[in-house]
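This is a predicted model, so every value here is computed, not measured.
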Amino acid sequence: MKKDILSGIIVALVSIPISMGYAQVAGLPVVYGLYGSVLPILVYALITSSPQFVFGVDATPAALVGGTLVSLEITPGSDEAIAIIPVITTITALWLLLFFALKAGKLVKYISKPVMGGFISGIGCTIILMQVPKLFGGNPGTGELFVLLYNIWNELPAFNLLSALLGIGTIIILQIAKKKVPKFPMSVLVLIAGAGLTAFCHIDGYGVKLLPKVESGLPRLAIPDMSLLLPNGEEIIVLSFTIALVIMAQTLLATSNYALKYNYKINNNREVLAYAAGNAAGAVVGCCPVNGSVSRSGIADQYGCKSQLMSITAALTMVLVLLFGTGLLEYLPVPVLTGIVISALMGIVEFGIAKKTWEADKQEFTIFMAAFLGVLILGTIYGVVIGVILSFVAVIIRAVIPPKAFLGIIPGHEGLHNLSRNKNAYPIEHTIIYRFSGNLFFANINAFQDDIDNAIKDDTKQVIIDARGIGSIDITAAERLVILKRNLHAKGINLYLTEHAEAVNDQLRAFGASSLIEEGSVRRTVSLALRAAGVNKPYPLEGISGDEEYAYVEANERLAEFEWAFGEGAGEKMEALAAEVAEKLVHSGDYSMENIIKTENTASWGRIGLFDEDELLNRLELYFSELEEKRHMHVDEIEQMLEQRRHIIEEKLKELSPEALELLRRHRKQIEDHLKEKRPEYYEHYLELRKRLEEKQ
């Protein structure tokens with residue numbers, strides 16, 4: 001309870017400048033931001049299934065409302081704005097109530113992270129550009145990117161140096177504090193400092209604008225005048241739908257993240273009901289639509305909040321502010337309040353998503369940027385439409401171009417493996433094994449056929465499709481498979497479709513492609529297809545010198561799993577694992593064989609295969625050898641244990657198959673060659689270590 005109460009007080013204090021700023025963004029007098037931090041929060045707290053999320057006046061709904069006032073040619077802060085905004089909030093609450101009735105919360109999972117991130121980031125940047133002139137004494141702008149930039153230029157004649165120093169200084173201080181002292185409510189301290197400058201230094205006499213006088217007292221409850229909906233009903237209804245959708249999506253996604261983080265469950269539909277009720281409460285106090293606040297929820301989390309007692313405390317604290325503290329608000333400099341708002345908005349701009357998607361998936365990055373630029377340049381609704389359309393395009397692209405690979409065998413290893421991802425995998429002679437991990441239909445059958453045609457060589461005798469990822473086909477794909485089989489047969493090449501579900505065979509028959517089944521081109525497994533083609537175990541592999549032949553081992557042991565899992569990053573991951581295991585061993589002080597094995601198996605990756613364990617032991621030997629030099633440790637016992645474990649691995653692999661042991665030795669040689677070329681100092685150290693171990697034996 002102590003942590004919840006403290007969290008609530010801190011959230012209320014932080015909400016004072018933020019909610020007042022967002023009220024101005026929405027086109028309301030600042031006091032309505034405080035009104036929106038009482039009743040809506042209380043109502044939400046009583047209904048929500050989340051024990052720690054914060055609700056209140058927030059950036060995105062405020063910006064959407066502010067933009068709509070401009071399009072309706074309503075002056076922000078006017079009596080007309082004060083009358084129409086509760087109507088918008090009411091319609092938003094009704095949309096959310098409809099979402100609750102339709103159980104639409106489950107649809108949020110279909111809104112991609114890049115779309116939501118780009119949308120929110122666009123909103124955040126738009127509001128920041130609106131507020132920039134207020135940092136130096138000008139008037140805020142409205143509209144989209146180019147209009148806002150033009151407004152900033154037009155307001156430059158009103159530039160006040162002291163205002164600019166206060167506003168920009170506020171942003172710098174808050175950004176530094178966010179990194180250095182994240183738990184400290186620096187925005188409250190900055191606000192107090194700004195009020196102090198007004199009270200004692202009279203900075204308003206130097207051209208710094210102050211907030212208008214705020215009347216004390218609690219909000220008056222009133223039913224919004226719904227007759228105001230008539231002149232601009234269609235635009236308001238569309239806007240409210242957008243706001244409701246954003247509130248549901250953004251708040252549910254963020255609330256779900258906290259639920260996953262702390263291992264509790266939320267009821268999505270109950271959450272949507274809480275959003276509807278919170279907005280209904282906001283409407284009767286005259287507030288703009290309210291939303292879940294990621295930034296204030298983060299603050300509550302930092303202070304150990306575990307229940308909605310936090311929200312109740314925050315609301316009661318705001319009541320005290322409204323009753324006894326409003327007289328202090330007229331001392332607040334506008335640039336300082338603007339700096340606080342801009343700093344808070346910088347926290348919702350998710351360029352981290354842009355960076356991740358750029359590095360991992362250019363399609364996702366394109367979707368993020370399209371939603372972001374759409375909002376920034378064209379406006380909120382257009383940005384959402386663009387992002388959603390691109391999301392559907394991305395889904396189509398993934399269906400048309402699913403994951404696919406050509407497969408081969410790692411000698412002594414179970415199963416088939418991606419030839420491009422595993423350097424120790426070899427193709428079977430005269431054989432193409434092609435894995436296609438997606439449903440086969442008219443839009444991707446051309447790419448499917450092109451991959452096979454391009455892979456065929458002069459000596460190819462059979463093409464085997466590993467179709468375990470194909471759950472269905474359409475009539476176009478069925479007909480093309482028949483044609484593909486006929487064309488390959490004319491070249492003396494057999495075609496086999498394997499590993500797929502039984503339903504695919506039913507579809508082949510239904511679409512007139514039963515000849516594939518009747519003529520033996522459909523086989524249950526890859527090995528049966530190879531047998532049907534006359535390729536028997538042990539399978540001859542391409543690229544291995546000599547006349548040896550290899551068969552993959554039917555065993556559970558996973559060899560070279562790190563290469564499979566991490567690709568080019570396998571070396572770095574293995575190095576990190578070696579460091580983790582070594583540190584645990586040093587910390588425990590127990591270097592027995594049993595503890596070495598136990599520590600390996602309980603490391604972050606979990607139990608690793610024999611092949612990877614051998615490489616891990618090599619790295620551990622180097623690691624402990626370095627510790628001996630740096631810390632003057634005696635590691636003879638450790639090195640002996642590691643060497644014994646290496647011999648055990650060799651014996652196990654020998655039992656598994658002679659080919660696996662031979663592959664292990666080749667792999668060791670590859671590691672040595674890699675060290676010699678890339679890390680010569682380590683290579684010399686490695687040779688000295690091996691020599692010393694041999695002398696001990």
Asker: A quick test of your reading: do over 12 heavy atoms of other residues, nucleotides or ligands sit less than 6.0 Å from CG of Leu230?
Answerer: yes
Asker: Using modelled atom types and a 3.5 Å cut-off, is there a donor and acceptor pairing between side-chain atoms of Arg220 and backbone atoms of Val285?
Answerer: no
Asker: Can you check side-chain contact (heavy atoms from CB on, under 4.5 Å) on Leu252 and Val272, steps first, answer last?
Answerer: CA-CA 8 Å; Leu252 267 184; Val272 176; 4.2 Å; yes
Asker: Is it true that the NZ or CZ of Lys362 lies under 6.0 Å from the centre of Trp358's six-membered ring and within 45 degrees of the ring axis?
Answerer: yes
Asker: Calculate, to the nearest 0.5 Å, the distance between atoms OG and CG belonging to Ser37 and Leu322 respectively.
Answerer: 8.5 Å
Asker: Tell me the closest heavy-atom pair linking Val25 and Gln131, and the distance in Å.
Answerer: CG2-NE2, 3.4 Å
Asker: Testing Leu166, Thr170, Leu337 for side-chain contact (heavy atoms from CB on, under 4.5 Å) with Val190, which one passes?
Answerer: Thr170
Asker: Determine whether Leu210 and Glu330 make a side-chain contact, defined as any pair of heavy atoms from C-beta on separated by less than 4.5 Å.
Answerer: no
Asker: Restricting to non-hydrogen atoms, name the atom on Cys287 and the atom on Gly36 that form the minimum distance, rounded to 0.1 Å.
Answerer: SG-CA, 3.7 Å
Asker: Tell me whether Tyr331 at atom OH has more than 12 heavy atoms from other residues, nucleotides or ligands lying less than 6.0 Å away.
Answerer: no
Asker: Can you confirm whether Ile237 sits close enough to Trp95 that some side-chain heavy atom of one is under 4.5 Å from a side-chain heavy atom of the other?
Answerer: yes
Asker: Could you give me the CA-CA distance, side-chain angles and deciding distance for Leu273 and Leu97, then say whether side-chain contact (heavy atoms from CB on, under 4.5 Å) is met?
Answerer: CA-CA 6 Å; Leu273 178 61; Leu97 193 61; 4.1 Å; yes
Asker: Can you check whether Gln52 reaches Tyr262 side chain to side chain, under 4.5 Å on heavy atoms?
Answerer: yes
Asker: Could you measure the distance from the CD1 atom of Ile312 to the CD1 atom of Ile5? Nearest 0.5 Å is fine.
Answerer: 10.5 Å
Asker: Rounded to the nearest 0.5 Å, what's the gap from CD1 on Ile74 to CG on Leu228? Could you check?
Answerer: 8.5 Å
Asker: Taking side chain as C-beta onward, heavy atoms only, is Asn151 less than 4.5 Å from Pro133?
Answerer: yes
Asker: Counting C-beta onward and ignoring hydrogens, is there a side-chain heavy-atom pair between Ile247 and Asn279 closer than 4.5 Å?
Answerer: yes
Asker: Between Ser121 (side chain only) and Glu350 (backbone N and O only), is there a donor and an acceptor less than 3.5 Å apart?
Answerer: yes
Asker: Please tell me if the side chains of Ser163 and Lys209 come closer than 4.5 Å, counting only heavy atoms from C-beta onward.
Answerer: no
Asker: Between Thr357 and Ile353, is there a donor-acceptor pair closer than 3.5 Å when you use the side chain of the first and the backbone of the second?
Answerer: yes
Asker: Would you name the heavy atoms of Pro51 and Cys305 that are closest together and state the gap between them?
Answerer: O-SG, 4.1 Å
Asker: Taking all heavy atoms of Pro289 and all of Val65, pick out the closest pair and write down the distance.
Answerer: CD-CG2, 3.6 Å
Asker: Would you say that Ile171 contacts Leu135 through its side chain, given a criterion of any heavy-atom pair below 4.5 Å between the two side chains?
Answerer: yes
Asker: Could you tell me the separation between the CZ atom of Phe372 and the SG atom of Cys125, rounded to the nearest 0.5 Å?
Answerer: 4.0 Å
Asker: Where do Ser343 and Gln175 land on the side chain to side chain donor-acceptor pair (under 3.5 Å) test, with the steps shown first?
Answerer: CA-CA 7 Å; Ser343 182; Gln175 290 301 308; 2.8 Å; yes
Asker: Any side-chain heavy atom of Leu373 sitting closer than 4.5 Å to one from Leu145?
Answerer: no
Asker: Of the non-hydrogen atoms in Pro333 and Ala195, which two are nearest, and what is the gap between them?
Answerer: CD-N, 4.1 Å
Asker: How far does CG of Leu332 sit from CG of Leu191, to the nearest 0.5 angstrom?
Answerer: 4.5 Å
Asker: Using the six-membered ring wherever Trp is involved, compare the ring planes of Tyr32 and Tyr35 and label them parallel, tilted or perpendicular (cut-offs 30° and 60°).
Answerer: perpendicular
Asker: For Tyr150, I'd like to know if atom OH has over 12 heavy atoms of other residues, nucleotides or ligands within 6.0 Å.
Answerer: no
Asker: Apply side-chain contact (heavy atoms from CB on, under 4.5 Å) to the pair Leu189 and Ile173, showing each step before the final yes or no.
Answerer: CA-CA 11 Å; Leu189 183 63; Ile173 290 170; over 6 Å; no
Asker: Counting neighbours of NZ on Lys178 that are heavy atoms of other residues, nucleotides or ligands and sit closer than 6.0 Å, is the number greater than 12?
Answerer: yes
Asker: Roughly how far, to the nearest 0.5 Å, is the CD1 atom of Ile16 from the CG atom of Leu13?
Answerer: 5.0 Å
Asker: Got a donor-acceptor contact below 3.5 angstrom from the Gln308 side chain to the Phe53 backbone?
Answerer: yes
Asker: Please check this pair: side chain of Ser49 against backbone of Asn267, looking for a donor-acceptor N/O pair closer than 3.5 Å.
Answerer: yes
Asker: Given Asn291 and Thr251, is the side chain to side chain donor-acceptor pair (under 3.5 Å) satisfied, shown in steps?
Answerer: CA-CA 7 Å; Asn291 188 25; Thr251 312; 2.6 Å; yes
Asker: Using the ring of each side chain (for Trp, its six-membered ring), is Phe351 parallel, tilted or perpendicular to Phe368, with breaks at 30° and 60°?
Answerer: perpendicular
Asker: Between Val334 and Val208, is the side-chain contact (heavy atoms from CB on, under 4.5 Å) condition met? List the steps.
Answerer: CA-CA 8 Å; Val334 169; Val208 177; over 6 Å; no
Asker: Could you pull out the closest heavy-atom pair between Val375 and Gly122, with the gap in Å?
Answerer: CG1-C, 3.6 Å
Asker: Quick check: does any side chain N or O of Asp4 sit under 3.5 Å from a backbone N or O of Lys306, one acting as donor and the other as acceptor?
Answerer: yes
Asker: Under a plain distance cut-off of 3.5 Å, with no hydrogens placed, do Thr326 and Glu215 share a side-chain donor-acceptor pair?
Answerer: no
